[in-house]
Amino acid sequence: MIIREELLNDYKEVEKVIEESFKTAEFTDNQEHNLVKRLRKSDEFIKELSLVAEGNNKIIGHILLTKALIKDNDKSIETLALAPLSVLPEYQKSGIGKALMNKAIELSKELGYKSIVVLGHENYYPKFGFEKASTYGVKAPFEVPDEAYMILELIPNALKGVNGVVEYSKAFFE
Ligand SMILES: CC(C)(COP(=O)(O)OP(=O)(O)OC[C@H]1O[C@@H](n2cnc3c(N)ncnc32)[C@H](O)[C@@H]1OP(=O)(O)O)[C@@H](O)C(=O)NCCC(=O)NCCS
């Protein structure tokens with residue numbers, strides 16, 4: 001299994017992988033593949049942070065991080081939003097999600113980003129160092145259970161003095 005950047009030729013296959021993966025998800029609108037289509041066309045898209053896991057000559061997983069902002073009155077602090085993360089049902093629970101997460105975190109650091117926000121399962125993301133965003137005074141722009149909204153500092157103390165409401169790509173709300 002390898003993790004690599006998503007290429008134009010992968011788009012259709014990746015969309016199918018996302019749609020299939022979310023069929024097993026606890027919380028889903030089953031529209032995550034369409035969200036990715038919109039995000040790829042948005043200003044917040046970072047091609048280096050759209051990654052695929054490839055094995056048995058096919059794509060079995062995908063992760064996407066896009067640019068977002070933490071808005072604190074008139075200050076805007078750059079962050080990344082992780083969404084979605086997908087692994088085909090028959091390949092789940094075998095470490096592929098973990099490998100995609102670790103690679104995405106490593107590349108985000110290399111690209112100079114300072115934090116990542118995620119709305120997700122409170123048992124899954126803390127494995128990678130995510131903590132409740134509310135601990136840092138960082139809030140989602142929508143109603144969400146406190147424990148499901150999390151943030152990861154990519155550099156120690158990157159979030160010191162940072163608080164506010166996250167502003168996502170408009171593509172999330174179209
Ligand atoms: C969530 C998802 C991406 C995880 O990928 P995965 O490849 O199955 O996960 P991994 O095998 O890498 O698991 C990593 C760890 O998380 C645990 N884990 C996996 N799924 C979990 C879940 N739903 N809840 C809690 N822990 C979970 C594993 O046991 C493993 O723990 P360990 O490192 O202590 O052994 C995958 O199950 C998926 O695509 N689900 C459907 C779509 C979805 O819900 N996406 C996430 C939206 S927030």
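In what follows, every heavy atom counts, from backbone to side chain, and hydrogens, waters and symmetry copies are set aside. In this text the structure is predicted, and so the values were computed from the model without any measurement. Remember, it's 1-based here, ligands and their atoms both numbered in the order they're listed. Counting from 1, the numbers follow the sequence of the chain as shown.
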**Asked** Around ligand 1, what residues show up once you keep those with a heavy atom under 4.0 Å from it?
**Response** Ser21, Phe22, Thr24, Ala25, Leu85, Ser86, Val87, Gln92, Lys93, Ser94, Gly95, Ile96, Gly97, Lys98, Leu119, Gly120, Asn123, Tyr124, Tyr125, Lys127

**Message:** Could you work out, with ring pair (Phe, Tyr, Trp, His ring centres under 6.0 Å) as the rule, every residue matching Phe130, not counting sequence neighbours?
**Reply:** Tyr125

**Prompt:** Can you tell me if Gln92 and Thr24 form a side-chain donor-acceptor pair at under 3.5 Å?
**Reply:** yes

**Message:** Any donor-acceptor pair under 3.5 Å linking the side-chain atoms of Ser50 with those of Glu6?
**Reply:** yes

Can you give me every donor-acceptor pair (side chain of residues 147-156, partner residue at least two apart or in another chain, under 3.5 Å) with its distance?
residue, atom, partner, partner atom, Å
Tyr149, OH, Tyr168, OH, 2.7
Glu153, OE1, Asn157, N, 3.4
Glu153, OE2, Asn157, N, 3.4
Glu153, OE2, Ala158, N, 3.2
Glu153, OE2, Leu159, N, 2.9

**Request:** Sort out for me which residue in Asp29, Thr28, Asn34 forms a side-chain hydrogen bond (donor to acceptor under 3.5 Å, both in side chains) with Gln31.
**Result:** Asn34

**Message:** Tell me every residue that passes ring pair (Phe, Tyr, Trp, His ring centres under 6.0 Å) with Tyr113, counting only those two or more places apart in sequence or in another chain.
**Reply:** none

